[in-house]
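Notes to accompany the following structure.
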Amino acid sequence: MYGRDIMSTYNHKQIERKWRQAWEENQIYKIKADSSRPKFYCLDMFPYPSGSGLHVGHWRGYVLSDVWSRYKMLQGYQVLHPMGWDAFGLPAENDAIKRGIHPSISTDKNIANFKRQLHEIGAMYDWDREINTTDPDYFKWTQWIFVQMYKKGLAYRKQMPINFCPSCQTGLANEEVVGGECERCGSAVEKRNLQQWMLKITEYADRLLGSLKTLDWPEKVLKMQESWIGRSEGAEISFSLADSDQQFVVYTTRPDTLFGATYMVLAPEHEFIQQITTPEQSKLVQSYIEKSLSKSSIERMASKEKTGVFTGAYAINPVNQEKIPIWISDYVLIDYGSGAIMAVPAHDDRDYEFAKVFDLPIRPVIADLNGNVPDLPFVMDGKLVNSGKYDNLLTADGKKAIVADLANLGIAEATVKFKMRDWVFSRQRYWGEPIPIIYCDDCGEVLVPEGELPIRLPEVDNYQPTGTGESPLAAIEDWVNTTCPSCGKPAKRETNTMPQWAGSCWYYLRYVDPQNLQAIADPNRIKYWTPVDLYVGGVEHAVLHLLYSRFYTMFLHDIGVVDFDEPFTRLFNQGMVTKEGVKMSKSKGNVVNPDELVEHYGADSLRIYELFIGPPEVDAEWMDSGIEGVYRFIQRVWNLFERSLTTTVASTKESEQRTHRLIATVTERIEAFKLNTVVSAFMAYLNEVGNTTDKQSLETLAILLGPMAPHLAEELWQILGRTSSIFLESWPVADPKMLVLDQVTVGIQVSGKTRGAVTVSADASQEDIQAEAMTLTSVRNSLDGKEVVKVIYVPGRILNIVAR
RNA sequence: GCCGGGGUGGCGGAAUGGUAGACGCUACGGACUUAAAAUCCGUUGGGCGCAAGUCCGUGCGGGUUCAAGUCCCGCUCCCGGCACCA
């Protein structure tokens with residue numbers, strides 16, 4: 001019995017409260033590995049629980065992933081759709097500095113608020129699987145991975161100039177510096193020479209690049225990673241000094257232009273400079289070095305005008321024994337290649353500029369394929385000229401020939417270089433995972449034994465970073481002072497902590513077995529659930545988190561923890577939600593708070609509006625009036641059910657066909673991530689249906705609505721007389737036979753110009769359609785006095801009468 | 001400079017090479033109401049026309065095609081990324 005006499009109005013508060021409670025009680029989203037069913041792992045990039053809470057922009061990704069999770073669940077998959085907290089990080093620590101409250105306290109408070117807000121979404125998270133990167137039982141394994149890397153020689157300590165953010169008071173990875181500024185706070189970064197922990201991500205450069213092509217990721221992100229890794233093929237060539245047998249090495253991708261090298265350049269930091277500089281040039285050289293070292297990277301980038309100084313020394317070009325001057329300039333970078341170049345001004349933009357400024361010779365050695373020397377600098381491939389016995393070789397052949405000949409002399413080697421650098425992994429801050437290393441006067445650097453993990457953070461009174469490159473932990477005597485695990489003598493702990501990325505590099509693994517105390521996760525569970533099938537998050541992590549996590553995963557593969565190289569099979573980047581064209585943020589004061597919208601319109605309305613706002617991968621402008629339209633839509637759905645159930649409407653062929661068309665459209669569009677047009681499809685369906693429809697249609701409609709409007713769908717399911725959750729039903733499959741239309745509307749064109757349309761039965765012949773078309777005034781008008789040349793008919797779509 | 005992505009009504013946006021503007025918002029008109037809100041119905045790319053109709057229209061200029069928002073060539077503007085990586 002589903003008939004009801006009295007229509008009720010849609011009450012989102014009551015409905016949503018009721019179903020959220022029911023879901024918790026029934027625990028229908030509680031999942032377990034079940035090898036008899038296919039799995040789907042749908043992951044959101046977990047948030048940093050900030051003090052400002054969620055805004056409607058955060059909702060966008062979470063709704064999208066929940067739609068997919070519920071869709072897959074209805075298709076019979078065992079779905080893992082977890083949520084957790086990336087809770088180490090500077091805001092909590094800065095807050096602690098200001099107020100003296102331990103970061104874990106404010107973090108817990110923020111998590112509670114986030115969790116409450118996330119509940120409002122009505123997503124099918126299994127909260128038993130919640131993780132928190134600051135939980136010692138979690139970061140034990142973050143430290144454990146570091147230990148494994150150390151054992152494999154992938155974690156090492158080095159004194160080197162690194163990027164340092166004066167505002168965050170900590171060193172940064174290259175990936176965290178954007179245009180010379182700190183990725184987090186926007187301050188200009190400085191160079192500081194500090195003892196650093198580094199991870200050898202460069203050892204994985206080739207693999208990180210190579211397997212990009214296996215990923216179903218947005219092209220944009222793949223390109224960004226590719227250019228970040230920055231592979232180039234070239235050669236290392238040794239040059240001898242003119243007046244000694246000392247040598248230095250340059251890296252070049254254009255060994256074919258070696259005959260055009262008219263000077264050499266060393267980076268100002270190059271250690272060879274001190275040995276070769278002549279006394280006459282010494283003063284100039286020293287002051288140039290000092291000046292360039294004092295420049296921040298932002299200054300160094302800002303002015304592209306070439307500067308430099310001659311060292312007074314000369315090198316010998318190995319192919320022609322020519323004596324060429326050695327200069328120093330900051331346009332050569334110390335940390336790429338060998339920090340030294342051979343300059344070929346005729347065939348390199350930068351060398352050309354430099355040669356113009358200092359009036360150095362420019363000698364073309366590459367001509368175009370016709371043998372003409374084009375305007376300089378000519379940086380493309382061509383044919384070698386002025387190159388002795390190599391003349392007339394093509395660029396590619398010239399490279400090979402010259403490198404091969406020099407290699408025989410033992411002074412050249414073909415090599416591959418990467419722009420990507422090793423990962424600066426230590427932070428001089430408190431609120432992060434302590435690096436599990438102990439320093440002993442006798443034994444040196446010693447790993448903390450795995451059995452002693454996790455190394456917890458001590459309680460401190462002062463969270464203030466020292467700013468001297470030491471972490472606040474250094475001041476906590478009874479924490480720093482320990483004993484050497486190897487010899488037992490007094491020793492000191494490493495006081496640097498890990499960057500925030502450390503915990504997020506592997507978190508996707510922990511969700512499959514979050515409480516495991518013996519292992520990172522149970523191998524069987526890892527095998528069943530991972531890798532992640534769909535990963536949803538913002539594009540801002542394109543070369544940070546996503547690169548680091550790929551690196552960690554490859555390492556975990558190598559030590560046998562996982563059996564794949566790539567953690568995230570498919571990636572979807574949702575667009576931002578903007579207000580007045582700018583990104584929502586607390587500091588700009590343009591945040592739209594979802595809490596009030598949920599209160600006013602309900603979670604289902606907000607969910608659908610988040611989808612309807614625009615193509616999910618594109619940024620979208622928030623409009624208050626938009627959610628009104630969606631709210632009206634939901635009420636219309638509600639009213640359709642209420643009206644239909646107070647009368648009895650029989651199903652017809654037409655209604656069945658209509659329903660199958662909806663199934664087909666919705667399924668197709670979800671698969672294609674065109675979620676805004678899924679909403680349109682429902683709206684169009686509703687316009688078509690009219691005031692009432694049959695029960696069969698209503699049941700299908702309710703299920704199809706489930707992924708987008710789960711509370712509403714459950715309630716509709718119940719008023720249809722069903723007693724179990726709608727999410728235990730199956731996603732309907734469209735019957736192709738029901739998609740065949742009885743009548744079709746065929747557009748009529750005359751010479752390619754649309755003149756109207758005729759509606760005919762689907763089996764009408766071309767002749768029938770043409771005859772029907774001739775009845776249209778507009779068709780007759782445009783054919784008047786003309787001769788029909790040919791007629792093109794695309795069945796069911798268009799009839800084009802070509803006339804002259 | 002290099003690499004991506006894009007430019008369609010008043011707005012957000014739809015369109016496997018096949019009736020451009022679905023769907024929604026806004027605005028306007030109407031119904032209901034004492035009135036308003038809500039709801040429902042209608043109109044809503046521009047021009048001409050009483051109408052039938054007709055001309056123009058997807059950043060600009062060419063091209064391919066029976067047919068182009070969609071494909072090709074050249075430009076232009078906007079957004080994002082990288083940027084002295086030899």
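Chain naming here is simple, since letters A, B, ... match the order of the sequence lines and numbering starts at 1 in each. Everything numeric here is computed off the predicted structure, so don't read it as measured data.
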(request) Would you kindly check whether a donor in the side chain of A:R755 faces an acceptor in the base of B:U54, or vice versa, at under 3.5 angstrom? (result)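 Counting by modelled atom types and ignoring angles, no donor-acceptor contact under 3.5 Å is found here.
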
Mind checking the [atom1] distance from [N] to [M]? Whole angstroms is fine.
N     : M     : atom1 : result
B:A22 : B:G45 : C1'   : 15 Å
B:A67 : B:A15 : C1'   : 16 Å
B:G13 : B:A52 : C1'   : 34 Å
B:G4  : B:C75 : P     : 15 Å
B:C78 : B:G29 : P     : 40 Å

(request) Using a 4.0 Å cut-off on protein heavy atoms (strictly under), produce a 5'-to-3' string for nucleotides 38-46 of chain B with B for base contact, S for backbone-only sugar-phosphate contact, and - for none. (result) -SS------

(message) Tell me if the centroids of the rings in A:W327 and A:F354 come within less than 6.0 Å of each other.
(response)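 So the answer is yes for these two rings.
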
(request) Name the nucleic acid region contacted by A:S227, choosing base, sugar-phosphate or nothing; use a 4.0 angstrom heavy-atom cut-off, strictly under. (result)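 Answer is nothing: A:S227 stays at 4.0 Å or more from every strand.
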
(message) Mind checking if A:D351 touches a base, just sugar-phosphate, or nothing, with heavy atoms under 4.0 Å?
(response)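 Here A:D351 touches no strand at all.
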
If you check the [X] side chain, which of [options] turns out closest?
X      : options             : answer
A:S625 : B:U26, B:A15, B:G18 : B:U26
A:K419 : B:G13, B:C82, B:C11 : B:C82
A:I798 : B:G12, B:U19, B:C84 : B:U19
A:P615 : B:C66, B:G12, B:A14 : B:A14

(request) Give a yes/no answer on whether the side chain of A:K306 brings an N or O atom under 4.0 Å of OP1 or OP2 in B:A86. (result)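 False: A:K306 side-chain N/O out of range (4.0 Å or more) of B:A86 OP1/OP2.
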
(request) Please determine if A:K306 forms a cation-pi arrangement with A:F358, meaning its NZ or CZ atom is less than 6.0 Å from the six-membered ring centre and no more than 45° off the ring axis. (result)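 The answer is no; the distance or angle limit is not met.
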
(request) Would you please name every residue forming a ring-ring contact (aromatic ring centres under 6.0 Å, His included) with A:W622, sequence neighbours left out? (result)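 For A:W622 the ring-ring contact (aromatic ring centres under 6.0 Å, His included) partners, ignoring immediate neighbours, are A:Y609.
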
(request) State the pairing partner of B:U58; accept Watson-Crick or G-U wobble contacts with both distances under 3.5 Å, and report none otherwise. (result)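 Answer to the pairing question: none, since B:U58 forms no Watson-Crick or G-U pair.
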
(message) Let's test this: given Watson-Crick or G-U wobble pairing with both distances under 3.5 Å, identify the partner of B:C25.
(response)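 The answer is B:G10, by the H-bond criterion.
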
(message) So if I take residues 340-349 of chain A and measure heavy-atom distances to RNA chain B, which residues fall below 4.0 Å?
(response)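 Result for residues 340-349 of chain A: A:I341, sorted by number.
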
